[in-house]
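Notes for the one structure printed next.
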Amino acid sequence: MNILLFRFIAVSILLCIIGAKENGERNDPLHFAMQKEYQLATDQKEVFSFSGLDSLGEHAMFLLYTGDHNPLLYYSNIVTPVCIDNVCKPMYIQIYWNLVGEYVGYGVVEDNLLSKFDHDLFEPRDYRKLHDLLLDKHSILERRKLSDLFDPGKKPEKAIEFNGEEVDALSGATKKEISESVVEGALYSCYTAWHLVHGTVVKKMVNHIDSLYNAHLANYFISSPYIAYQRYALQRFSETEYINQLPRIIEILKSSKPLLRTYVLKKLPDLAWAKGDILKLYEGFSNLDTNSKTLLIKNLSLADDSALMHVAGGITGVTKNQLRTFLEFLAEKPTRLTEDMLALLHAAAENQTYAHNYLIAEFLER
Amino acid sequence: MMKRILYLLGLILIAFHATAQDGIFLEAEAFLDPGGWVVDPQFVQQMSSPYLMAHGIGNLVTNASTTFDLEKAGSYNVWARTKNWVPGNWDPPGRFKVEINGTDLAHTLGVTPGWGWELAGEIELKPGSIEMQLVDLTGFNGRCDAIYLSTSDKEPPRAGEALAKFRKEMLQEPASPEVTKEYDLVITGGGIAGCAAAIAAAEQGLNVALIHDRPVLGGNASSEIRVHTLGIYGHYSRILKMIDTEHYPNGSPEAIYDQEKRDNNVKKYDRIDLHLNWRAYDAVAVDSTIQYVDARHTYSGARKRFTAPLFLDATGDGWIGYWAGAEYTYGRESVYQYGEEWEKWGELWSPEEPDNFVMGSSILWLTEVADRPQIFPAVPWAKEVARDHAATAGEWYWEFSRNDLHQIHDGEEIRDHMLRAIFGSFSNAKADTANLNYRLQWVSYLLGKRESRRLVGDHIFTLNDVVDDVMFLDSVVAETREIDVHFQQNLQDESKPDFLSKALFYKTDRYHIPYRSLYSRNIKNLFMAGRCFSCSHVGLGGPRVMRTTGQMGAAAGLAAVICNRHAINPREVYQKHMNEYWDLIVIQKGLKQ
Ligand SMILES: Cc1cc2nc3c(=O)[nH]c(=O)nc-3n(C[C@H](O)[C@H](O)[C@H](O)COP(=O)(O)OP(=O)(O)OC[C@H]3O[C@@H](n4cnc5c(N)ncnc54)[C@H](O)[C@@H]3O)c2cc1C
């Protein structure tokens with residue numbers, strides 16, 4: 001009880017100091033994962049407040065704007081206590097999130113640079129490491145209580161070893177992996193910052209941007225180079241918007257990650273598959289990830305004949321089940337089997353290094 | 001080995017080699033001595049038979065051998081049903097030869113893509129006892145399903161119906177099994193769920209058949225797959241402690257001690273008629289009531305029919321339900337179906353459009369450091385999968401799923417992909433001189449599955465039951481472990497190999513699973529326990545761990561006892577006998593064995 005009271009008082013005092021400092025200047029970020037959008041910010045507005053792990057402290061969240069009032073970034077100038085064994089020190093950090101609530105960068109305050117627990121200042125590589133850690137939504141810090149992360153004074157109940165390395169019972173992560181992802185000597189700061197950046201604040205930003213979302217933002221998002229923005233817009237597009245924006249969507253699909261690509265391919269309205277633009281995707285069929293290929297093959301019945309030719313051209317790069325689907329489709333729609341396609345299939349059937357050539361041979365026999 | 005040979009000799013009457021007029025058909029899995037080859041019955045439903053596999057993890061395995069009597073002299077063509085399991089621009093990895101009476105037949109086998117017959121060669125044979133051997137040439141998973149000798153040069157049918165018919169004719173098999181046995185409860189699948197069910201029911205006096213397709217019990221928890229059991233015991237700690245595992249790392253050889261414990265504990269029940277190495281292949285329902293389950297011995301080929309008023313599907317893959325016509329689901333539901341959204345993870349957690357992207361299957365493996373340098377053979381055929389990934393240890397996240405793959409139908413392809421991932425990554429690691437002394441100690445050849453068919457019960461357990469902390473009248477299973485759902489790493493980052501996954505953990509308080517998720521909605525006398533219980537894709541995320549599946553097994557086993565007492569169906573336990581059922585559950589902890 002005493003300890004708790006002590007901690008409460010210590011943190012409260014710290015928070016008083018902090019309250020005064022959070023309104024300070026916004027500096028350019030030290031590390032930033034987008035283009036330099038923060039340079040366009042001429043205006044900012046406080047939009048809500050939030051707390052981190054220590055629910056005692058509230059931080060103000062700002063939305064940064066361009067001169068013509070277009071939202072750019074979320075930003076918060078944070079001073080938060082970092083405590084171990086009831087000894088707390090303030091950490092000063094200026095955090096930037098993109099408009100859909102993902103961490104994108106941070107800056108520091110000149111007189112209050114980040115330091116480790118032994119008071120050594122962060123080295124440049126430590127700053128970089130912190131940025132990388134904060135970018136990782138899946139960090140191994142997520143599921144852990146601070147006290148579970150190798151508290152130096154505490155031995156685990158039963159050390160679990162595997163090939164001579166101590167293994168974390170929860171995730172199989174080794175101590176080495178944990179120490180690889182946090183700044184040495186600054187575990188507590190890293191932990192505090194990660195939970196602040198990825199905590200309940202994310203939901204608040206999403207709710208907030210939802211309330212601002214309009215045609216202008218939709219356009220900004222879909223035109224932007226950022227997957228998170230594209231995804232946000234694509235999740236909200238109507239069928240008509242999918243058709244209207246098809247050229248841009250295809251462009252995005254060509255370069256995006258498989259997760260977004262397969263999401264969109266599953267969602268594309270039937271009408272979109274019949275459009276000429278979709279052929280640009282089929283053109284690159286051979287270079288697409290396997291899961292996307294499955295979806296392109298699955299939708300062949302809606303697409304143009306030249307789509308079929310592109311798939312046939314890349315046939316030795318498809319999996320057994322993809323090949324089966326393709327051949328079943330041709331068996332059902334023999335009129336779509338052209339001479340050129342047949343030639344490609346014959347070549348594939350004779351290709352001894354193609355694992356599934358026998359399926360094509362069987363198909364051709366029939 | 002001797003024991004096994006004697007046992008096989010006992011079964012020789014129906015043993016799996018047969019002589020018809022113009023040919024001799026030998027099932028490889030029925031060879032009298034498999035030598036270093038393993039019997040693999042995992043993919044019977046896809047490629048038609050258990051087979052022998054030279055799983056030497058890079059070391060040649062000793063020959064498999066058998067003898068048979070030949071009646072007619074002649075010049076015989078000898079075929080083996082096999083396949084090149086990784087066709088490509090390299091020597092096929094699973095090559096082997098056939099030797100007859102000490103003579104090597106001409107052709108190397110395991111060289112043609114897809115399961116089919118390859119000609120091993122031609123040989124002059126005299127009547128009398130013939131000795132045949134399978135000679136492994138690579139140590140890398142050569143496989144042989146059957147051998148056929150004939151004086152004609154007509155190749156047997158390659159696959160499908162024609163092959164099944166041919167096999168039946170050659171083996172002169174009657175339409176149904178020769179032996180029928182009757183029980184109070186027939187349980188198929190001896191994972192933790194099946195074992196718990198068998199114990200719970202047998203302790204209360206039921207005569208139980210436990211049909212399991214492996215030589216040891218425990219499924220994923222067995223020493224053959226080596227996953228440790230997680231979760232809480234609920235009301236069933238006494239039973240589950242007989243069959244669960246310590247918390248060793250997945251893949252640890254310590255699994256062997258828990259294996260002994262489990263096997264001994266189950267075997268001590270006289271009322272459990274344990275059928276190890278028997279794989280069920282059919283279940284027939286009339287008027288929505290299962291009449292029997294048919295099973296086949298995985299290497300002798302003997303068949304048996306199991307009849308009972310009650311059946312329990314603990315196969316993990318929902319096979320009994322599937323054959324009997326029970327409703328089932330497979331795949332990820334649309335997020336809108338049950339409202340199982342987790343906004344933070346969106347599509348990775350639950351997709352807008354339903355799909356088949358379930359959690360994947362794994363092969364666990366283990367290395368050791370020897371006291372001198374170890375050579376690992378070159379594995380060019382594995383590089384396409386492993387790419388430049390290097391590893392000297394595996395873990396649970398070596399897992400494979402893809403949207404065109406079905407975890408049951410494509411099981412062999414998934415297993416083989418994982419073998420390539422492991423051999424390739426290990427080979428890459430060996431290129432580093434720091435790993436010179438590493439060698440593979442153990443690589444499983446059995447797929448550890450996480451998710452496939454889920455049978456549909458009166459209640460479908462979903463994330464909402466967890467989030468809303470629903471306390472059911474029939475909450476017979478309880479769990480506190482978080483819900484975790486996996487996804488493939490290469491969805492987020494294409495540079496990652498396709499065989500690594502990540503887990504998303506959803507923290508929860510204690511939650512409950514109702515009894516109504518443990519029996520089929522439309523098949524009147526079918527229980528299910530284990531990962532094929534009635535749930536959604538996300539709903540399976542928490543309770544698929546093996547103490548929870550064990551709880552389900554125990555709960556279903558006890559419900560069978562109530563059914564047996566009153567000659568009723570599973571549903572009526574919920575409708576009319578919940579008090580009596582609860583009484584039976586709550587006394588479990590204190591019972592003396
Ligand atoms: C790599 C990996 C890591 C995991 N990590 C954990 C963990 O740490 N802790 C945990 O508790 N769980 C873990 N799980 C999940 C858990 O192992 C599975 O959900 C498990 O399958 C549940 O047990 P079960 O009894 O339902 O099925 P299974 O263990 O699959 O048992 C079913 C058995 O039935 C047999 N069978 C199937 N069909 C037939 C048939 N027709 N005839 C006869 N027998 C048949 C099979 O051989 C199988 O052994 C993990 C899974 C994997 C793959």
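Naming convention: chains lettered A, B, ... in sequence-line order (proteins, then strands); numbering from 1 in each chain. Atoms considered below: every heavy atom in the structure, side chains included; atoms not considered: hydrogens, waters and symmetry mates.
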Take the angle between the ring planes of [X] and [Y] and call it parallel below 30°, perpendicular above 60°, tilted in between.
{"X": "A/H138", "Y": "B/W345", "value": "parallel"}
{"X": "A/Y229", "Y": "A/F221", "value": "parallel"}
{"X": "B/W349", "Y": "B/W342", "value": "perpendicular"}
{"X": "A/F237", "Y": "A/Y242", "value": "perpendicular"}

Below 4.5 Å from any heavy atom of chain A, which atoms of [X] appear? Answer side chain, backbone, both or neither.
{"X": "B/Q492", "result": "both"}
{"X": "B/E343", "result": "side chain"}
{"X": "B/P92", "result": "neither"}
{"X": "B/K507", "result": "side chain"}
{"X": "B/Q488", "result": "neither"}
{"X": "B/D410", "result": "side chain"}

Is it the side chain or the backbone of [X] that comes within 4.5 Å of chain B heavy atoms, both, or neither?
{"X": "A/K137", "value": "both"}
{"X": "A/R231", "value": "neither"}
{"X": "A/Y358", "value": "side chain"}

Exercise. When you check the side-chain N and O atoms of B/S452 and B/Q407, is any donor under 3.5 Å from an acceptor?
Worked result: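 Not at all, the side chains of B/S452 and B/Q407 share no donor-acceptor pair under 3.5 Å.
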Exercise. Any Lys/Arg nitrogen of B/R143 or B/E412 sitting under 4.0 Å from an Asp/Glu carboxylate oxygen of the other?
Worked result: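 Counted as a salt bridge, because a side-chain N and a carboxylate O are separated by less than 4.0 Å.
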For this session: Using a strict cut-off of less than 4.0 Å between a Lys/Arg side-chain nitrogen and an Asp/Glu carboxylate oxygen, indicate whether B/R158 and A/E362 qualify as a salt bridge.
Result: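 Here B/R158 pairs with A/E362 in a salt bridge, since their nearest N and O are under 4.0 Å apart.
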Problem set entry | Criterion ring pair (Phe, Tyr, Trp, His ring centres under 6.0 Å) on B/H537 and B/F357, from CA distance to verdict | CA-CA 10 Å; B/H537 161 75; B/F357 224 141; 9.6 Å; no
For this session: Please determine, among A/N357, A/N351, A/T319, the option with the most heavy-atom pairs under 4.5 Å with chain B.
Result: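 Result: the option with the highest number of such pairs is A/T319.
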Exercise. When heavy-atom pairs shorter than 4.5 Å are enumerated against chain A, which of B/V86, B/T112, B/D355 gives the highest number?
Worked result: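 Ranked by heavy-atom pairs under 4.5 Å with chain A, first place is B/D355.
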Problem set entry | For chain A, the option from B/L348, B/D493, B/L230, B/N84 that forms the most heavy-atom pairs under 4.5 Å |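 Looking at each of B/L348, B/D493, B/L230, B/N84 in turn, B/L348 comes out on top.
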